[in-house]
Amino acid sequence: MKFNNRNVQLGTNVRLGKNVRIGDNTTIYDNVEIGDNTIIANDCVIGEPTNAYYFQEGYQNPETVIGANSFVRSHAIIYAGSTFGEGLNTGHRITVREGARFGAHCLISTMVDIQGNSTFGDYCRLYSNVHICEFSTVGSYVFIFPYTIFTNDSRPPSNYCKGPTIGDYTIITVHSVVLPGVTIGSNCLIGANSVVSRDIPDYSFAVGSPAKVARDIREIGSREKEGSQYPWMYNFERGMPWQGIGFEAWSQQQH
Amino acid sequence: MKFNNRNVQLGTNVRLGKNVRIGDNTTIYDNVEIGDNTIIANDCVIGEPTNAYYFQEGYQNPETVIGANSFVRSHAIIYAGSTFGEGLNTGHRITVREGARFGAHCLISTMVDIQGNSTFGDYCRLYSNVHICEFSTVGSYVFIFPYTIFTNDSRPPSNYCKGPTIGDYTIITVHSVVLPGVTIGSNCLIGANSVVSRDIPDYSFAVGSPAKVARDIREIGSREKEGSQYPWMYNFERGMPWQGIGFEAWSQQQH
Amino acid sequence: MKFNNRNVQLGTNVRLGKNVRIGDNTTIYDNVEIGDNTIIANDCVIGEPTNAYYFQEGYQNPETVIGANSFVRSHAIIYAGSTFGEGLNTGHRITVREGARFGAHCLISTMVDIQGNSTFGDYCRLYSNVHICEFSTVGSYVFIFPYTIFTNDSRPPSNYCKGPTIGDYTIITVHSVVLPGVTIGSNCLIGANSVVSRDIPDYSFAVGSPAKVARDIREIGSREKEGSQYPWMYNFERGMPWQGIGFEAWSQQQH
């Protein structure tokens, strides 16, 4: 039942790499590039046009790029004008608006809603139902857990919008809100159900509504071994580029 | 690739206005009226029948009305027995149950979930993943931001359900909960991650869990100019009927 | 317009009971059993294969079982390797991953997201947008209200995951978080927007972030009659097995 090319529709200038597979009922609009070995599953929409498509003569769909070795699960809606590095992995029913830029090896889980015009580094993990507002900037190796949302308008509704900025290796846990213009540093941990209303310095564990720094993340013990759990990269490697060699050895290779 | 009439299915007594366009893979059930110039995008279901359709002989689908100049984006599910004034604009994957009544020029964003049997005025804006329980009453020019939910059962599960009531021009920000039977007045602002458990008087800024009135909204400064940001209508006009002339001039025209 | 067998695809070893109806645009993968009189509505995916399907030769889809007299509404995604007792009732766009085991007569509402490898008793009610992490254990007659989520990793990201455990007859209201490894007893009530970080004893009403026991549930008055609302089974019977005879008489029949 794999890839029968049933009810598939491809626009013009759709450039498919080697061994790309497209699922049933999937629509790919104009000007989309998909890298080698990528799977686009059933019922997806890739390169969804913006409004102008429906109302303007001569509309040209902006370019959409999905990197090689990616897996886009079913019912994704990805707008034209977004780019994804290699190794993208998605859950079901994601929505990504125009102007989103993802690095390599990112995870975008089920029902994640990216409002577009935002940038993400490499190896980001956005879990179920995360909502990212426009004008957000997210570093690399950032985990954002379910139902956490970013906001960009501190006096809604207004014309002054500024999204959050998140540093590398930071973990934002479930059901939290990051308020407009806030910067969370690198190597932070944000507790469940927090509202982050002020900047958070590097290496902080912050929690609450409004979120306050409770302690240094390096003081948080592990459940699996003696010593600290954070920075987490020394204790977790599944799916990370340091898998098999450890973070320390990998870090040294990067120099 | 626009509107190829591919895998489209129309029921009986589907009344389409002039220049209505229906996307691929869309199903429109019986007894649906769609106004002039409206676009129903791909993969939508309009007039989704209630349970009785599947189990009762002679089931008649209640009437569904979508006003003129509307744009329903892909993967919407709109039940039979709901009505929408002209200029409806939706995101993707909305779900609207039976008995919802929307005024004109409303926005219903991606993944919004309307449980039905509720009324909304004109120019309401429901952003991503807002959830509205049955028996809610929402005024006009009301903004409800992502992941905010309304509830109607104060002793769940019970047989005594009463939804919230929201006054005109009120703004409810992200990740908040409005508890059963609560009335939020007009011109209010509710802060992020609040639980509104008691009635809130007009012109209040309330925040917290439970939400308490922190100050009058007219004391909240603008980020864009000298003076107060609220009432917001004097500072924001995009998509509003006073766009181009300002709220004050428009208000005078209404009398 | 019912059941035209339009754009339906069935895999091998799909075992349909008597009077099973399958909606348009629905895909049923290999090795799925569906009980008598069950309706699978339009645009569903039943038996969605795990990753190995796409990458391994000779992949065998695990068995999926949906009990008799069930109604799966449109746009459901149910992975292979999950089982559901009779009388399953779902909303739209549910996602259930592999290894979920549901008892009989459960409700899984619109956009519920079950991460799999979890068990549920009979007559559970999961309302809109509930998110259940892996390794959760939920009793019978448990109600979980919208946007509540379960979590399983107390030091994210780590390799040590343990889900929550919920006792029979417990009610968890909206927008709450249950933290990893927490046990909520039977006959509890959790208030809106709570974060449950410690075990909660039977018959407790707990609320807050972190949730604290506020009082015994038997001290919470009813809105409909004199006396206590909880345990709720004496005051609510819609859809429950004691409907028509009352909880007390039904309980005695069970012995």
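Keep in mind that the numbers below use all heavy atoms, side chains included, and drop hydrogens, waters and symmetry copies. Chain letters run A, B, ... following the sequence lines, proteins first and then strands; every chain starts at 1.
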*Engaged part of B:S197 at the chain C interface, taking heavy atoms whose separation is under 4.5 Å*: neither
_Carboxylate-amine/guanidinium contact B:E63 B:R15, below 4.0 Å_ = yes
_Shorter than 4.5 Å, heavy atoms on both sides: which option in C:P146, C:S222, C:A192 has the most such pairs with chain B?_
C:P146
*Would B:Y53 and B:N51 count as having a side-chain donor-acceptor pair, cut-off 3.5 Å?*
no
*Would a line drawn from the ring center of C:W242 to the ring center of C:Y141 be shorter than 6.0 Å?*
yes
_Interchain contact, B:F55 with chain C, by part (heavy-atom threshold 4.5 Å)_ = side chain
*Does NZ or CZ of B:R155 lie under 6.0 Å from the centre of the six-membered ring of B:Y160, at an angle within 45° of the ring axis?*
no
*Under 4.5 Å from a heavy atom of chain C, the part of B:D153 involved*: neither
*For each of B:S158, B:S194, B:P49, tally heavy-atom pairs with chain C at distances under 4.5 Å, and name the one with the top tally.*
B:S158
*Select, from C:M111, C:E224, C:R125, the one with the greatest count of heavy-atom pairs under 4.5 Å involving chain B.*
C:E224
*So which of C:N193, C:L189, C:D43 has the largest heavy-atom pair count under 4.5 angstrom toward chain B?*
C:N193
*So, C:H92 versus B:Y79, ring centres under 6.0 angstrom or not?*
yes
*Taking atom types as modelled, find out whether C:N25 and B:N7 have a side-chain donor-acceptor pair closer than 3.5 angstrom.*
yes
*Give, as side chain, backbone, both or neither, the part of B:S209 having an atom under 4.5 angstrom from any heavy atom of chain C.*
side chain
*Is chain C contacted by the side chain of B:L10, its backbone, both, or neither, given a heavy-atom distance below 4.5 Å?*
backbone
*Among side-chain atoms of C:H105 and C:D122, is any donor-acceptor pair under 3.5 angstrom?*
no
*Distance, nearest 0.5 Å, that separates CD1 of B:I78 from OH of B:Y29*: 13.5 Å
_Modelled atom types, side-chain donor and acceptor of C:R218 and C:N187, under 3.5 Å_ = no
_Shorter than 4.5 Å, heavy atoms on both sides: which option in B:P156, B:C133, B:P157 has the most such pairs with chain C?_
B:P157
*Contact class of B:T151 relative to chain C, heavy atoms under 4.5 angstrom*: side chain
*Counting only heavy atoms closer than 4.5 Å, note whether C:R21 contacts chain B via side chain, backbone, both or neither.*
side chain
_B:N13 side chain to B:N31 side chain, donor-acceptor N/O pair below 3.5 angstrom_ = yes
*Which residue out of B:V195, B:T95, B:V45, B:N129 racks up the most heavy-atom pairs below 4.5 Å with chain C?*
B:N129
*asked:* Below 4.5 Å, heavy-atom pairs only: which of C:F143, C:Y147, C:F71 has the largest tally toward chain B?
replied: C:Y147
*Contacting region of C:N235 [heavy-atom separation from chain B under 4.5 Å]*: backbone
